[in-house]
Amino acid sequence: MKLIIAIVSNDDSSSVVNSLTAEKYQVTKLATTGGFLRAGNTTLLIGTDDEKVEDVVAIIGKESCRRTEVVPATASFDVGRYATYPIEVQVGGATIFVLNIEQFLKL
Ligand code: 2BA
C-alpha cells in the first residue's frame, strides 16, 4: 500500500480529482498554501495499491502538465497612466511524494 501526496495548482485540481475518481481511486483534497509564493494550491492524498502508483502518477501528470499561458500584465507610468501588455507565465505541474504505508485501517 502507498500514500501518494500530490501538490497541484488550484486550476488543475478539479480535473485531476475528476479523472482519479472516474478511475475508482479514492482521493482527499486539501486546500493548502505554497511556502514560497504564499499562494493557494491543492494537496491531494491518494491511498492505493503498489501496482497502481504508476497509473495514478500518469493521470495526475496528464491533467496537470506544466504549460505556458499568456496573461495580461500592467505597467504604470509616473504620469498616472497604465498600460496592459501580455506576458508568458508557467502554470500547472505537480509535486508528488510516494510513501510506504505500514498499516491501512478503516474502522
Ligand atoms: P514547484 O517546485 O512546482 O512547487 C509548487 C508547490 O509545491 C510549492 O509552492 C509547494 O507548495 C509544493 N512543494 C514543492 N516542492 C516541495 C517540497 N520539497 N516539499 C514540500 N512542498 C513542496 P511554493 O512553495 O509556493 O513554490 C512555488 C514555486 O516557486 C515552485 O514551484 C518553484 O518553482 C518556486 N520556488 C519554491 N521555493 C523556491 C525557493 N526557495 N527559491 C526559488 N524558487 C522557489
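The figures that follow rest on heavy atoms only: side chains count, while hydrogens, waters and symmetry mates do not. If you read the sequence from its start, that first residue is 1, and numbering goes on from there. Counting starts at 1 for both ligands and their atoms, following the listed order.
Among residues two or more places apart in sequence or in another chain, the side chain to side chain donor-acceptor pair (under 3.5 Å) test is passed with Ser15 by none. Partners of Arg67 by salt bridge (charged side-chain N to carboxylate O under 4.0 Å, His left out), not counting sequence neighbours, listed by chain and number: Asp12, Glu69.
Phe36 belongs to a hydrophobic cluster whose other members, connected by ILVMFWY side-chain contacts under 4.5 Å either directly or through intermediates, are Leu37.
Leu3 and Val27 fall into different hydrophobic clusters, defined by Ile, Leu, Val, Met, Phe, Trp and Tyr side-chain heavy atoms under 4.5 Å apart, directly or through other members.
Within the 4.5 Å cutoff, side-chain heavy atoms of Tyr25 are placed close to those of Val56.
At a cut-off of 3.5 Å, with distance as the only test, no side-chain donor of Ser9 or Asn41 sits close to an acceptor on the other residue.
Residue-level contacts of ligand 1 at the 4.0 Å heavy-atom threshold are Ile7, Gly34, Gly35, Phe36, Leu37, Asn41, Arg66, Thr95, Phe97.
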